[in-house]
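Input: a single structure, listed below in structure tokens.
All heavy atoms count here, side chains included; hydrogens, waters and symmetry mates do not. Every value quoted in this text rests on a predicted model; they were computed, and no experiment measured them.
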Amino acid sequence: MKTEDKSFDFDLMAPAPQTEPERQYYFMAKLREKIFALEAIQKQPPTYFLETFGCQMNEKQSEVVAGILDEVGFVRTDSEEKADVVLFNTCTVRENANMKVYGRLGLIKHHKKSHPSKRIVLFGCMMQEQEEAERIRTQYPFVDLVFGTHNNYQFAELYYKMLERDAQLIEIWQEPRGIVEELPSERNYSFKAGVNIMYGCNNFCSYCIVPYVRGRERSREPAAILREVEKLSAEGVTEVMLLGQNVNSYGKTLPQKVSFAELMREVEKVEGIHRLRFMTSHPKDLSDELIAYLAESRKCCHHLHLPVQSGSSRVLKDMNRHYDKEQYLELVRKIREAVPDISLTSDIMVGYPGETEEDFQETMDVVRKAQYDTAFTFIYSRRAGTPAAKREDQIPEAVVQDRFDRLLALVQEVGRERSSRFTGTVQEVLVETESKEKGIFTGRTQYNLLAHFPASAQMLGKYVRVRLSECKGFYYLGELAE
Ligand code: 5AD
Ligand code: SF4
């Protein structure tokens, strides 16, 4: 699904424009010439394989890169081995995300031996770390292009420059230099889309690398967000997810202050928008205004992702989270009182330096009391450069693994029970994909619960009523109602 197709009439012999996004469209036009020439020789368009690691912010940035590649004449493929260009949008939030990329590079090096013109591109958060970019430069010379999170929008220009010089190009900016909008973007779904409302993070949780690789918090202007949502709606999108590392502090950096709840109220007025979601909420900034909005809105889904990280007030203080266990549970109480059917989800970490068995039991207690529908559970990962990484009281692996297993078992037990509360009810479901089993489709309720049911392809992207007959833990089997 393609959005934003600006046509500019460029004199390609003239120097590149200095303004954005015109400059990028100029390089797209230059790239298109090269790709056409290549296509004429190969007798088929060149292909690309793009894989995204990590969060929805990365997904969004990948959509822009894919949009540009499509725009200049590449065709997407799911064969990493055969693709003419392989791109990885990397994540560095935990060590295992980094390991995956290096593992994959070993294989691609091998593929490149039999396909020497294959190009390899790495971008995203992991590349934003100096040591990683340096490692690529010194140990992975077969990688052709590397860029970071701040200059993602320059992909066309960088790719063109890399082809021209025909040597490895690494370009990372230490700081963001403004927000560039209105580039092509290739969305995964025609009926639902994510929209960035802010970039970066100012919270500096002691374990987290995100503020270092995504920079300071910047909010987009409401007018720009509304323009994007209107455009998406005109293209058939009915479900919008507003994205940011901490959406509850939206608007604080704008010259004219706007609260997140105010923004939501404007967004839901856009004609054609049927469902609104948002991610991620930091408990310290979740306002009464937002809770009131959630209770009264007819479009905002009753699902709140509210990462707790730990249940121990001592650990939370050390993590620099700015709330304690009691404040978190009080917040949950207030939300449940205002929105009784809310589905609550969380991110929880075990093995933070210095975490004791008592601290861990506090975490287990929060899971029981908060009654999460589901939670992402993580093993603390030591990220170089963060305050927590410097601590000497790192927890032995076996202890962490044992806590992780116990936490996961509890999260699953609570989640199974919570999710089953809809058994036998009829819910509105957005039909999203056809499953591997032909004729069986998968959709999502406003509570973010998945349902599988027999339907037909015309129903894709539509809202249908589904009777949720059987709860299978984290998803339902059902059938169309009425
Ligand atoms: N180790 C483990 N998990 C982490 N997260 C962030 N940093 C780390 C880390 N160093 C988790 C947090 C966050 C989620 C996106 O990733 O739980 O909410
Ligand atoms: Fe990381 Fe904390 Fe910012 Fe989330 S709020 S991105 S955990 S620093």
Side-chain angles (χ1 to χ4, degrees), residues 1-6 20-21 24 48 50-71 76 87-93 97 121-128 147-156 158 173 176-201 209-211 213-222 224-233 235-247 250 260 263-264 267 270 273 275-281 305 432 448:
M1 185 67 216
K2 181 76 159 292
T3 102
E4 204 60 56
D5 209 346
K6 282 199 177 318
E20 298 290 5
Q24 298 314 312
Y48 72 96
L50 167 60
E51 185 166 331
T52 306
F53 297 88
C55 67
Q56 272 150 340
M57 300 286 174
N58 266 15
E59 289 290 347
K60 274 301 282 186
Q61 291 197 306
S62 287
E63 286 178 7
V64 171
V65 168
I68 293 169
L69 286 163
D70 293 343
E71 178 71 26
R76 195 165 186 160
L87 308 99
F88 290 144
N89 189 354
T90 62
C91 169
T92 188
V93 76
V121 180
L122 299 180
F123 61 109
C125 289
M126 185 176 143
M127 297 303 115
Q128 202 61 48
F147 55 95
T149 55
H150 302 316
N151 58 344
N152 191 81
Y153 72 83
Q154 281 195 314
F155 171 65
L158 296 172
W173 294 352
R177 303 181 196 160
I179 296 170
V180 174
E181 315 232 337
E182 306 195 18
L183 287 167
S185 174
E186 179 66 33
R187 289 186 280 108
N188 292 338
Y189 295 92
S190 60
F191 46 85
K192 66 171 192 174
V195 172
N196 282 121
I197 61 166
M198 60 208 299
Y199 302 94
C201 181
I209 201 156
V210 169
V213 293
R214 291 216 165 252
R216 294 294 61 71
E217 184 177 298
R218 287 101 58 210
S219 291
R220 279 177 77 192
E221 286 288 345
I225 296 168
L226 287 170
R227 253 200 325 270
E228 184 174 341
V229 175
E230 278 160 9
K231 201 162 159 304
L232 288 168
S233 166
E235 288 166 6
V237 167
T238 60
E239 183 183 296
V240 165
M241 162 99 83
L242 302 183
L243 297 171
Q245 302 292 351
N246 177 12
V247 291
Y250 172 78
F260 179 52
L263 176 73
M264 299 270 283
V267 172
V270 173
I273 297 303
R275 270 184 182 178
L276 204 53
R277 298 183 184 277
F278 57 94
M279 186 95 114
T280 288
S281 285
H305 186 62
E432 297 190 353
N448 217 30

Problem - Pro184 side chain reached by Asp70 side chain, heavy atoms, under 4.5 Å - result: no
Problem - By side chain to side chain donor-acceptor pair (under 3.5 Å) - contacts of Glu432 (at least two apart) - result: Lys192, Arg444
Problem - Close side-chain approach of Gln24 to Leu183, heavy-atom, < 4.5 Å - result: yes
Handout entry: Atom of Arg216, atom of Cys201 and distance for their closest heavy-atom approach
Key = NH2-O, 3.1 Å
Practice task
Find the distance between CD (Glu235) and CD (Glu230) and round it off to the nearest 0.5 Å.
Solution key: 12.0 Å
Problem - Atom of Asn89, atom of Gly124 and distance for their closest heavy-atom approach - result: OD1-CA, 3.3 Å
Problem - Shortest non-hydrogen contact between Trp173 and Gln154, atoms and distance - result: CZ2-OE1, 3.4 Å
Handout entry: Derivation of the side chain to side chain contact (heavy atoms under 4.5 Å, CB included) call for Val121 and Phe147
Key = CA-CA 8 Å; Val121 180; Phe147 55 95; 3.8 Å; yes
Practice task
Grab the two heavy atoms, one from Ser190 and one from Val237, that are nearest each other, plus how far apart they are.
Solution key: O-CG2, 3.4 Å
Practice task
Apply the test side chain to side chain contact (heavy atoms under 4.5 Å, CB included) to residues Leu242 and Tyr250: give CA-CA distance (whole Å), side-chain angles for both, the deciding distance (0.1 Å), then the verdict.
Solution key: CA-CA 11 Å; Leu242 302 183; Tyr250 172 78; over 6 Å; no
Exercise for the section: Determine, step by step, whether Ser281 and Val247 satisfy the side chain to side chain contact (heavy atoms under 4.5 Å, CB included) criterion, reporting the C-alpha distance in whole Å, the side-chain angles of both residues, the deciding distance to 0.1 Å, and the verdict. Expected result: CA-CA 6 Å; Ser281 285; Val247 291; 4.1 Å; yes
Completion exercise
Sequence neighbours excluded, the answer for side chain to side chain donor-acceptor pair (under 3.5 Å) partners of Tyr199 is none
Problem - N-O pairing of Arg76 and Glu186 below 4.0 Å - result: no
Handout entry: Student check: side-chain heavy atoms of Arg277 and Asn448 closer than 4.5 Å
Key = yes
Handout entry: Main-chain N/O of Gly148 paired to Asn151 side chain as donor or acceptor, under 3.5 Å
Key = yes
Problem - Thr90 (side chain) donor-acceptor with Met126 (main chain) under 3.5 angstrom - result: yes
Handout entry: Least distance between heavy atoms, Arg218 atom then Arg214 atom
Key = NH1-O, 3.0 Å
Practice task
Show your working on side chain to side chain contact (heavy atoms under 4.5 Å, CB included) between Glu182 and Arg227 and close with a plain yes or no.
Solution key: CA-CA 10 Å; Glu182 306 195 18; Arg227 253 200 325 270; 4.1 Å; yes
Problem - Set of side-chain contact (heavy atoms from CB on, under 4.5 Å) partners for Glu63, sequence neighbours left out - result: Lys60, Ser185, Arg187
Handout entry: Non-hydrogen atoms of Ser233 and Val270 that approach each other most closely
Key = CB-CG1, 4.1 Å
Practice task
Would you mind telling me which of Leu276, Leu226, Val240 makes a side chain to side chain contact (heavy atoms under 4.5 Å, CB included) with Val195?
Solution key: Val240
Handout entry: Side-chain donor/acceptor of Gln61 to backbone N/O of Thr149, under 3.5 Å
Key = yes
Handout entry: Side chain to side chain, Val93 and Cys125, heavy atoms closer than 4.5 Å
Key = no
Completion exercise
Sequence neighbours excluded, the answer for side chain to side chain donor-acceptor pair (under 3.5 Å) partners of Arg275 is Glu239
Exercise for the section: Find the distance between OG (Ser62) and CG (Leu50) and round it off to the nearest 0.5 Å. Expected result: 4.5 Å
Handout entry: Close side-chain approach of Ile179 and Tyr153, heavy atoms under 4.5 Å
Key = no
Practice task
For residues Phe155 and Phe123, establish whether the separation of their ring centroids is below 6.0 Å.
Solution key: no
Exercise for the section: Quick one: pull up CG in Leu243 and CD1 in Ile197 and give me the separation to the nearest 0.5 Å. Expected result: 8.0 Å
Practice task
To the nearest 0.5 angstrom, please state how far the CD1 atom of Ile225 sits from the OG atom of Ser219.
Solution key: 7.5 Å
Handout entry: Residues forming a salt bridge (Lys or Arg N to Asp or Glu O under 4.0 Å) with Glu59, sequence neighbours excluded
Key = none
Exercise for the section: Output all residues satisfying side chain to side chain donor-acceptor pair (under 3.5 Å) with His150, sequence neighbours left out; order by chain, then residue number. Expected result: none
